[in-house]
Amino acid sequence: MRALKFNGENICPSKLVCLIVNYHAHGVELKHAIPEMPLWFLKPPQSIIGDNEDIILPDMSKSIHHEVELAVVIGKEGTNISKEEALDYVLGYTILLDITARDLQDKYIKEGRPWSIAKGFDTFAPIKLDIVPRENIKNPNDLDIKLTINGEVRQSSNTKNMIFSVEETISAISKITTLEKGDIIATGTPEGVGEIHVGDRLVAEIESIGVLTAGVRK
Ligand code: MG
């Protein structure tokens, strides 16, 4: 498993928690219902790759999508965290691509089956491994977020458009599972998701956090 880095320290997440539909316009484009509380799935931490590495397209899928997301990295163990205290539990922030086999996800949703497979392939979680300390980010709920592919803008929004704030998300998740140091929360993707193909160059950017690049191969 790939480790995150914070001030020279290696940090290994015990889990990668990913929100579903946390931007209204993304729910509309996928025709998915808007959730009334933060809903999420787990991605295996083994799916993590670092900056400038390649997403490997699996043979099982014919439609792999990009989803650019703000990622929150937890700094200390917490259960039943209140919204007011939530940011005290944040180590820092980074950028994550929640790569998704959309055709498999659609098929399993239709069949009423779990869709972990659609999200869980190796290399399906490119992350900027260098975490930006929380002190450097004035307000995580107001950051421009963008993804370009081969120089063309595909997703462009601001985290103020999230349905659930970072504080609400941390609090809600911690009521179900204990958050531990290094755990990653991917806060959902804005609208504009679409397919990636062999040879594409993805550049994800979040204001005040930096840039994450990824290639695509078979
Ligand atoms: Mg996502």
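Counting convention: from 1, in listed order, for ligands and their atoms alike. Position 1 is the first residue of the sequence; numbering continues from there.
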Q. Are more than 12 heavy atoms from other residues, nucleotides or ligands located less than 6.0 Å from atom CD1 of Ile117?
A. no

Taking atom types as modelled, is there a side-chain donor on Ser156 or Lys146 under 3.5 Å from an acceptor on the other?
no

- prompt: Is it true that the side chains of Thr189 and Gln155 contain a donor and an acceptor less than 3.5 Å apart?
  reply: yes

Applied to residues 29-88, the ring-ring contact (aromatic ring centres under 6.0 Å, His included) test, sequence neighbours excluded, yields Phe41-Trp115

So ring-ring contact (aromatic ring centres under 6.0 Å, His included) across residues 181-217, not counting sequence neighbours, yields none

For Val73, the hydrophobic cluster (side chain heavy atoms closer than 4.5 Å, chained through members) also holds Leu4, Phe6, Ile11, Leu16, Ile48, Leu91, Leu96, Ile127, Leu129, Ile131, Ile184

At a cut-off of 2.8 Å, protein N/O/S around the Mg ion (ligand 1) gives Glu67 OE1, Glu69 OE2, Asp98 OD2

